[in-house]
Amino acid sequence: MSKVLLYLVIPCYNEEEMLPITTSVLTEKMNQLIHQHKISSQSKILYVDDGSKDGTWNLIEKIHQENSLFLGIKLSRNRGHQNALLAGLMTAKKSAEITISMDADLQDDIKVIDKMLEEYEKGFQIVYGVRSSRKKDRWLKRFTAESFYKVMRWMGVEIVFNHADCRLMSKIALEGLEQFQETNLFLRGIVPQIGYPSSIAYYERKKREAGTSKYPFKKMIKLATDGITSCSVKPLTMITSLGILMSLLSFLVFVYCLIVKVMGKAVTGWTFIVCSIWLVGGIQLLSLGVIGEYIGKIYNETKHRPKYIIEKELK
Ligand code: UDP
Ligand code: MG
């Protein structure tokens with residue numbers, strides 16, 4: 001195997017309890033990989049402090065001073081996991097050949113790093129870390145997390161099932177990612193849009209060893225809403241479908257009202273009012289749907305996503 005320059009990118013938010021453990025585990029892992037000649041001795045671990053309110057940054061500074069394997073960047077304030085991760089990836093891209101992103105709590109089994117490196121050697125530019133089981137997650141976390149992926153898929157977001165943000169990306173994949181200029185970032189939905197040969201590496205999801213989850217239910221709902229509204233216009237097109245359905249129903253209601261009227265069971269004015277309600281309701285929804293279709297187009301235009309990314313060129 002050639003020695004590839006790897007950067008591990010680790011977003012950290014209030015992780016002072018977890019960082020000492022993470023640091024010793026990752027140091028051992030990186031040294032082992034360097035000894036096995038799987039990665040270059042210049043490889044690094046990049047901690048991104050996402051505006052932590054505890055002593056996370058002081059700890060990162062200390063770790064960096066003691067060990068040159070560790071680098072750090074500090075965001076000016078808490079910008080959320082996705083932005084912290086992007087900041088780390090874009091910083092790492094300047095020097096790294098490949099990056100692997102992981103959470104600071106090491107819930108993603110670090111053995112996945114070896115599997116990802118193997119996949120990269122086979123020529124894959126993106127390797128998605130996928131959780132093979134969530135037995136160690138609490139019931140509610142597992143249920144909400146798995147529903148999250150199902151709803152996302154149903155809403156038309158191209159997403160890898162049970163893949164969070166533990167992934168390997170090569171330099172060219174990161175250059176592709178850089179071309180996505182949108183502000184509302186949902187990396188799990190955007191990365192599959194980049195293209196290039198990609199693969200999957202399975203790992204066991206472990207328990208958080210120290211500190212608490214920085215993704216409470218409220219943040220998860222926000223991530224899901226952000227994901228849907230940043231990667232899919234399906235909610236808008238659903239209005240059109242609802243409008244068409246309502247218009248068809250209004251026709252059935254019209255027939256029903258006529259029958260009731262002919263049978264002489266309707267009071268004066270009833271037929272007209274009921275038919276009007278359904279017809280006008282249908283027209284309104286359909287019109288909203290049409291406006292929605294245009295808004296969807298404008299929305300897609302404003303994101304300035306790359307129209308294509310060239311993978312190879314013969315000259
Ligand atoms: N994180 C972050 N900014 C935030 C929230 C979380 O950088 O605003 C980091 C956190 O430090 C961790 C990762 O994102 O490294 C995932 O968070 P956590 O493990 O708490 O989420 P969970 O595993 O419970 O979904
Ligand atoms: Mg976690």
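One-based numbering, in listed order, for ligands and for the atoms of each. In what follows, every heavy atom counts, from backbone to side chain, and hydrogens, waters and symmetry copies are set aside.
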Atoms of ligand 1, numbered as shown, that sit under 4.0 Å from any heavy atom of R208: 18 (P), 19 (O), 20 (O)

Numbering as shown, the atoms of ligand 1 that approach S213 to under 4.0 Å (heavy-atom distance): 20 (O), 21 (O), 22 (P), 24 (O)

Region of D103 engaging ligand 1 - heavy atom pairs below 4.0 Å: both

Nearest non-hydrogen protein atom, atom 10 (C) of ligand 1: E15 OE2, 3.2 Å

Heavy-atom nearest neighbour in the protein, as seen from atom 19 (O) of ligand 1, with distance rounded to 0.1 Å: D105 OD2, 2.6 Å

Do you see a donor-acceptor pair shorter than 3.5 Å between the side chains of [X] and [Y]?
X	Y	value
Q82	D226	no
Y13	K53	yes
E293	T240	yes

Any K219 heavy atom less than 4.0 Å to ligand 1: yes

Polar atom proximity, A84 to ligand 1 (N or O, under 3.5 Å): no

Spacing of CD belonging to E17 relative to CZ belonging to R208, to within rounding of 0.5 Å: 9.0 Å

Residue selection (non-hydrogen contact nearest atom 6 (C) of ligand 1) among K214, M220, Q82, Q107: K214

Q107 N/O/S atom closer than 2.8 Å to the Mg ion (ligand 2): yes

Heteroatom N/O/S of D103 within less than 2.8 Å of the Mg ion (ligand 2): no

Axial cation check for W154 ring with K234, 6.0 Å and 45° limits: yes

Side-chain donor or acceptor of T22 paired with backbone N/O of A104 under 3.5 Å: yes

